[in-house]
> 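Questions regarding the structure given below will be posed in turn.
Proteins come first, then strands; the chains are lettered A, B, ... in the order of their sequence lines, and each starts at number 1. Model, not experiment: these values are computed from the prediction. Only this structure's heavy atoms are used, side chains among them; waters, hydrogens and symmetry mates stay out.
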Amino acid sequence: MKMKKTSDTYFRIWQTVKRIPKGKVTTYGEIAKRSGFPKQARLVGYALHHLPPGVNIPWHRVVNAQRRISFPPGNENYNRQKALLEREGVIIVKGKILPEKFIGKK
DNA sequence: AACATGACAGGTC
DNA sequence: CGACCTGCCATGT
């Protein structure tokens, strides 16, 4: 079966996101890098925006380089992601993810 | 084919 | 800490 509808680029990104350990978060840049696309963080964001239905992908474990949720505070998606993260034991103080739960630089 | 857009990153001021 | 600018790529019109 050749279901190549979606680009391999997104597929790879999704696979990478899938293997983020529970209780940890990482950045778009890291996902991009680990997927084989250094410096293409935007693609990760775009790929997640185009998430395939019916597939369980921990999109909530992906945040921006500033350790912040990439959604306007108060936004519905923001609250959803925050809830999912806290549910996994991730602590968020003043909108920032604690460094210990954060995978990436710094 | 050209142009605008986007769940970003990194650097400068 | 915030506002701006540049780089990078896939998508949609």
> In terms of the nearest nucleotide of DNA chain C, which residue is placed more toward the 5' end: A:A41 or A:Y46?
A:A41

> Are the side chain of A:N79 and the backbone N or O of A:G74 linked by a donor-acceptor pair below 3.5 Å?
yes

> Would you say that A:L98 contacts A:V90 through its side chain, given a criterion of any heavy-atom pair below 4.5 Å between the two side chains?
no

> Whole angstrom is fine here: how far is it from OH in A:Y10 over to C1' in B:dA7?
12 Å

> So, are A:E88 and A:K101 salt-bridged, with charged N and O less than 4.0 Å apart?
no

> Rounded to whole Å, how long is the line connecting atom CZ of A:R67 with atom P of B:dA9?
13 Å

> C:dC1 phosphate, OP1 or OP2: any side-chain N/O from A:K96 under 4.0 angstrom?
yes

> Return the orientation label for the A:H49 and A:Y46 ring planes: parallel under 30°, perpendicular over 60°, tilted otherwise.
parallel

> Figure out the CD/P separation between A:Q66 and C:dC1, and round it to whole Å.
9 Å

> With respect to the side chain of A:T9, which nucleotide from B:dA7, C:dA10, B:dG6 is positioned closest?
C:dA10

> Given atom CG of A:N64 and atom P of B:dA7, what is their separation to the nearest angstrom?
13 Å

> For A:L43 and C:dT11, what is the distance between atoms CG and P respectively, to the nearest whole Å?
8 Å

> Rounded to whole Å, please give me the gap between NZ in A:K33 and C1' in C:dC8.
16 Å

> When the distance from OH of A:Y28 to P of C:dA10 is rounded to whole Å, what number comes out?
19 Å

> Rounded to whole Å, please give me the gap between NZ in A:K39 and C1' in C:dA10.
19 Å

> Taking the side chain of A:L48 as heavy atoms from C-beta outward, which of B:dA7, B:dA9, C:dC8 is closest to it?
B:dA7

